[in-house]
Student: 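Quick one: the structure is below, and I'll ask about it shortly.
Please read these numbers as outputs of a predicted model, since none were measured by experiment. Throughout, residue positions are numbered sequentially from 1 according to the sequence presented.
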Amino acid sequence: MVPNPSVRHDFHAASPDEVRAALIPEERAEFDRSGGEDLDDWRRIAWLTVSSGHHDYREMWRRAAAAYAGKEVPMAEPFVVTKARLGC
């Protein structure tokens, strides 16, 4: 997956609400639990999510988990389980 350069969302100075709105629903809960700590990290995640699209963003995690585990990760696996495979 390569971020789409035609997407011009700059999250460098995005507010916490803007960042939260850009995240996939599964990560919004994580963002909420963090209280917005490490906002610059969340801004990078928001940019990657928006520039890739939600489907491709999830697919990136699934492929990384498959590579780490050395076996396929089911498409239907919950996102939080996939991230947990990578220690996240």
Student: Can you pull the salt bridge (charged side-chain N to carboxylate O under 4.0 Å, His left out) pairs that have at least one residue in residues 14-25, sequence neighbours excluded?
Tutor: Arg20-Asp32
Student: Shared ILVMFWY cluster between Tyr68 and Met60, side chains joined below 4.5 angstrom?
Tutor: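 The answer is yes; both residues are in one hydrophobic cluster.
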Student: Specify the closest pair of heavy atoms between Leu39 and Pro16, including all atoms of both residues, with the distance to one decimal.
Tutor: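 Closest approach of Leu39 to Pro16, heavy atoms only: CD2-CG, 4.0 Å.
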Student: Does any pair with a residue in residues 19-46 pass ring-ring contact (aromatic ring centres under 6.0 Å, His included), and if so which ones, sequence neighbours excluded?
Tutor: Phe31-Trp42
Student: Is the shortest heavy-atom distance from the side chain of Thr82 to the side chain of Arg58 under 4.5 Å?
Tutor: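 When only atoms from C-beta onward are counted, Arg58 and Thr82 do not touch, as no gap falls below 4.5 Å.
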Student: Kindly indicate, with the supporting measurements, whether the criterion side-chain contact (heavy atoms from CB on, under 4.5 Å) is fulfilled by Trp61 and Val73.
Tutor: CA-CA 10 Å; Trp61 279 95; Val73 172; over 6 Å; no
Student: Quick check for you: to the nearest 0.5 Å, what is the distance between Ile24 atom CD1 and His55 atom NE2?
Tutor: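 Separation between the atoms: 12.0 Å.
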Student: Is it the case that the side chain of Arg43 and the backbone of Val19 share a donor-acceptor pair, with hydrogens and angles ignored and the cut-off at 3.5 Å?
Tutor: no
Student: Working to the nearest 0.5 Å, report the span between CD of Glu72 and CZ of Arg63.
Tutor: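 So the CD of Glu72 and the CZ of Arg63 are separated by 11.0 Å.
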Student: Under 30°, 30 to 60°, or over 60°: which ring-plane class applies to Tyr57 and Phe79, parallel, tilted or perpendicular?
Tutor: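 The arrangement is tilted - the two ring planes meet at 30° to 60°.
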Student: On a heavy-atom basis, which atom in Ile45 and which in Leu23 lie closest, and how many Å separate them?
Tutor: CG2-CD2, 3.7 Å
Student: I'd like to know if Glu59 and Arg62 make a salt bridge, using a cut-off of under 4.0 Å between side-chain N and carboxylate O.
Tutor: yes
Student: One thing to verify: whether Lys83 and Glu27 come together as a salt bridge, which I'm taking to mean a side-chain N less than 4.0 angstrom from a carboxylate O.
Tutor: yes
Student: Mind listing the closest non-hydrogen atom pair of Leu48 and Ser51 along with its distance?
Tutor: O-OG, 3.4 Å
Student: Say whether, by atom type as modelled, one donor and one acceptor occur between the side chain of Arg28 and the main chain of Ala21 under 3.5 angstrom.
Tutor: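 Side chain of Arg28 to backbone of Ala21: a pair is present.
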